[in-house]
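Since the structure comes first, as C-alpha cells, the remarks are kept for the end.
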2 protein chains.
Amino acid sequence: MPRKSRIRAGSGVTLHDVGQAAGVSAITVSRVLHTPDKVSEALREKVLAVVEQLGYVPNRAARHLASARSHTVLVLIPSLSNTVFIDTLAGIEEVLQPAGYQMLIGNTHYDAAQELQLLRAYLEHSPDGLLLTGLAQSAEFSQLLARHRLPAVHMMDLTADGRDCVGFSQEDAGRAMCEHLLARGRRRIAFLGAQLDERVQKRLDGYRAALAAAGCHQPARELLDPRPSSMQMGADMLDALLAAQLDCDAVFCCNDDLAIGLLARCQQRGIAVPGQLAVAGFNDLAPAAWTTPPLTTIATPRHDIGRIAAQQLLARLRGETTRPACIDLGFALQHRKSS
Amino acid sequence: MPRKSRIRAGSGVTLHDVGQAAGVSAITVSRVLHTPDKVSEALREKVLAVVEQLGYVPNRAARHLASARSHTVLVLIPSLSNTVFIDTLAGIEEVLQPAGYQMLIGNTHYDAAQELQLLRAYLEHSPDGLLLTGLAQSAEFSQLLARHRLPAVHMMDLTADGRDCVGFSQEDAGRAMCEHLLARGRRRIAFLGAQLDERVQKRLDGYRAALAAAGCHQPARELLDPRPSSMQMGADMLDALLAAQLDCDAVFCCNDDLAIGLLARCQQRGIAVPGQLAVAGFNDLAPAAWTTPPLTTIATPRHDIGRIAAQQLLARLRGETTRPACIDLGFALQHRKSS
DNA sequence: TTGTACGCGTTATCAT
DNA sequence: ATGATAACGCGTACAA
C-alpha cells in the first residue's frame with residue numbers, strides 16, 4: 001500500500017529516518033537516546049553521529065501518545081502580577097527544566113471557579129501532575145483530580161489532612177509579626193487586609209490570636225478590603241485609619257504592597273515612622289528594604305517552596321514517595337526601622 | 001485481531017467511545033466539535049449530549065500528531081524576576097488562552113547561548129510560532145528558525161529589516177528622558193546602566209545623542225555594570241558617583257530598580273532630590289510612584305506589547321498577514337517630583 | 001543486544 | 001452529510 005505523503009509535524013526527520021541512515025531500526029535509535037545502556041557501544045556511537053548529522057528532534061506529541069506520559073506539569077497560581085508567585089515559578093522551573101518536564105502555567109485570578117475551568121482546559125494536555133497554590137480548591141476540582149488520578153502538591157501553606165504540601169504556617173507568621181510589635185511595646189495594632197484570600201485570612205487569624213492573648217484585640221482596628229492589593233490601596237487605608245480616629249500605634253499590612261503605599265503616605269502627611277506609628281508588611285519583596293524607613297516584614301521562602309514542591313512532585317511521579325509529605329520551610333522576621 | 005488493552009493517556013474516553021455511544025463514527029464526533037456546520041443538527045445535539053455525559057476530554061497530543069499543528073507558542077523572555085517581562089506575559093496570555101493556544105515560557109537569562117539552547121529544547125514541542133524579546137538573537141538561532149519555517153514576532157523594540165516587531169524605540173525613549181532633564185536645566189547628567197543588554201545599550205545611545213546635541217556629553221559620567229540590575233546596585237552606584245567626584249546634577253538610571261535604590265541612598269545621605277540631584281528611571285514599575293520623592297520615569301506599554309505581539313503572531317499563523325509588521329506602541333514620560 | 005508488530009487518539013483523504 | 005481507511009512518530013510487548 002503506497003504511503004501517502006502528509007504534512008510533517010517537526011523538522012521532518014524521524015526516528016525511522018535516523019535508523020535507516022544508521023543501518024538500524026527505529027527502536028534502536030530510541031533506545032540509544034533513552035536507555036543507552038541497552039545498546040552496544042558501537043551502535044550507540046554510530047547512531048548518535050547520525051542523530052547529530054541529521055539534526056533529529058524528538059517529537060513530544062508522539063512520545064506522549066505512545067507512552068501515556070506527557071512529561072508536563074500544570075502549575076496553578078493566583079496571579080501573574082504578584083512577585084511572590086513569580087518567584088515560586090522560578091524555583092519550579094529550576095527543577096522541572098533539567099528533569100525534562102514542561103511546566104504549563106495557569107492564572108486563576110484568585111478565583112476557585114476559574115481554577116476549576118483551567119484544570120478542565122489543561123486536562124487536554126494530560127499533565128502528569130499538578131502544583132497548586134494554597135489548599136482551598138473547590139470540591140469539584142478535587143473530584144476531577146481524583147478521577148484522573150493526578151498527583152498534586154500544594155504550595156505556600158501547610159496541612160496535615162493527607163495532601164502533599166510545601167510552605168509555611170501563614171497563621172504562625174501573622175502571629176509572629178504581631179508578637180514582634182507587642183514586644184516593641186505596641187498595643188493598639190491595626191490589621192490592613194486586601195484580596196482576602198485564604199493566606200490573608202490565616203495571617204488575620206494569627207493577628208487575632210496574638211492580640212487576644214495580649215488582651216488588646218479590637219475588631220474595629222481590622223480594615224479589610226476584598227479588592228486586589230495595591231500600593232494606592234495602602235495609602236488610602238492610612239487615610240481611612242486616620243479618618244476613623246482609631247488611635248493606632250502600629251499597623252500590620254497583609255503584604256508589602258500595602259505597606260509601601262502606606263509608608264509613602266506617612267511621609268507625605270508627616271507621620272513619624274516608627275515614632276508615631278510602627279509599620280509592618282509581609283513577604284519581604286525587593287523594595288521593602290529600600291523604603292523610608294526600611295520596612296519590617298516577614299521573609300517568605302517562596303523560591304524554595306517552588307523548588308521543593310517540584311521535587312516532591314517529581315518524587316511522586318517516579319513512585320518514590322508513599323506517605324503524604326508536609327514540608328515546613330518556615331519564615332523569618334526581618335526587623336527593620338519601620339518598627 | 002484482538003485489541004490489547006494498554007495504559008490510556010487521559011481520562012480514557014476517546015472520540016471513538018463517544019461515537020459508539022452516540023451511534024456515529026469517531027470522525028463525526030470530531031466534526032461536531034471542530035466544524036459543527038458540516039454536521040446535521042440532529043446528530044450534533046445527540047453527540048454533544050454524549051460528549052457531556054461521558055466527560056470527553058480531547059487529547060492534544062493525538063491532535064497535534066495527526067494535524068501537524070501543536071497550537072502552542074514559545075515565548076522567550078530574558079528573566080522571570082523582571083516585572084517588565086511578566087507584564088508582557090500577562091498580555092500574551094490574554095490573547096493566546098482564548099484562542100486555544102498554549103504558551104510555553106523559556107527564560108534566557110539574558111544570554112543568547114541559552115536562548116539558542118532553549119529553542120533547540122522546545123523544538124520537541126514543535127511550537128507553531130515564537131514570541132521573542134529583542135532583536136539580538138544569534139545567527140544560529142535565526143537559521144534554526146528559518147529551517148523550521150517558524151514565524152516569530154519580536155517584542156520590546158523596533159526594526160525595519162523585515163522581521164515582525166511590536167514595541168517602541170528604546171533609543172528615542174532614552175533621548176526623550178535626557179531632553180526632559182536638559183529642559184529642566186540640568187547639564188551634568190550621569191547615565192547609570194546595569195545588565196547592559198541590547199535595550200540598555202540603546203537607551204545609552206539615546207542618552208549620548210541627546211547630550212552630544214546639547215554639547216554636554218562627558219563619557220566619564222557613564223557608569224556601566226554588566227551584572228544584573230538591583231536596588232542595591234543603584235545605591236552602590238550613588239556612592240560610586242559621589243566618590244568619583246563627577247559633579248553631577250542629574251542621573252538617568254537605565255531602569256527603576258537602580259533608581260529606587262539610588263533614591264533611598266540619597267535619603268540616607270541627605271542629598272536633596274531634585275534640589276541637588278535630579279533622578280530619573282525607566283519602565284514606571286509600581287513602586288516608582290511611591291518613592292520619596294516620587295520617581296520621574298518612562299512608562300512603557302509592556303502589557304500591550306505582549307497583547308499585540310500575540311495577535312500579530314496569530315494573524316501570521318492564520319496566514320492573514322503578508323507584509324512584515326513593525327508596530328510602534330510608543331512610550332510616555334512620567335514627570336514626577338524627582339526631577 | 002536487536003528487531004517486529006502494533007496501538008496510542010486524532011485528523012486528512014477519499015469515497016459514498 | 002457521513003464514514004472507512006490510513007497516517008502522524010513513537011514506545012510497549014514480545015520474539016529472536
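Contact annotation: A/S30 side-chain N/O to D/dG11 OP1/OP2 distance is under 4.0 Å. For B/H34, a side-chain nitrogen or oxygen approaches OP1 or OP2 of C/dT11 to under 4.0 Å. Here B/T28 reaches the OP1 or OP2 of D/dG3: one of its side-chain N or O atoms lies under 4.0 Å away.
Atom C1' of nucleotide C/dT1 and atom NZ of A/K46 are separated by 16 Å, given to the nearest angstrom. B/E124 places its CD atom 12 Å from the C1' atom of D/dC10, with the value rounded to the nearest Å. The distance from atom CG of B/L33 to atom P of C/dT10 is 9 Å, rounded to the nearest whole Å. Distance, B/L65 CG to D/dC8 P: 9 Å, rounded to whole Å. For the pair A/H64 NE2 and D/dG9 C1', the computed distance is 14 Å after rounding to whole Å. For the pair A/Q20 CD and C/dT2 P, the interatomic distance rounds to 18 Å; values are reported in whole Å. When the P atom of C/dT2 is taken as reference, atom CZ of A/R44 falls 9 Å away, rounded to whole Å. Following rounding to the nearest Å, B/R63 (CZ) and D/dC10 (P) show an atom-to-atom distance of 21 Å.
Between A/I27 and A/A61, it is A/A61 whose nearest contact on DNA chain D lies nearer the 5' terminus. Residue B/S40 is the one, among B/A62 and B/S40, whose nearest nucleotide of DNA chain D lies closer to the 5' end (criterion: closest heavy atom). Projected onto DNA chain C by closest heavy-atom contact, B/R60 and B/R31 fall at different nucleotides, the more 5' of which corresponds to B/R60.
Distance check, rounded to the nearest 0.5 Å: CD1 of B/I92 to CD of B/Q97 gives 13.0 Å.
In this structure, the nucleotide among C/dT10, C/dT2, C/dC8 sitting nearest to the side chain of A/L43 is C/dT2. Side-chain proximity of B/V39 to the nucleotides D/dT2, C/dT10, C/dG3 is greatest for D/dT2. Residue B/V24 places its side chain closer to D/dG3 than to any other of D/dT12, D/dG3, C/dC8. Comparing C/dT11, D/dG11, C/dG9 by their nearest atom to the side chain of A/A66 picks out D/dG11. Checking C/dC8, C/dG3, C/dT11 against every side-chain atom of A/S25, the shortest atom distance belongs to C/dG3.
By the 30° and 60° cut-offs, the orientation of the rings of B/Y110 relative to B/F85 is perpendicular.
Using modelled atom types and a 3.5 Å distance limit, the side chains of B/T35 and B/D37 yield no donor-acceptor pair.
With contacts defined as side-chain heavy-atom distances shorter than 4.5 Å, the pair B/V18/B/T14 does not qualify.
Within 6.0 Å of CZ on A/R323 lie no more than 12 heavy atoms contributed by other residues, nucleotides or ligands.
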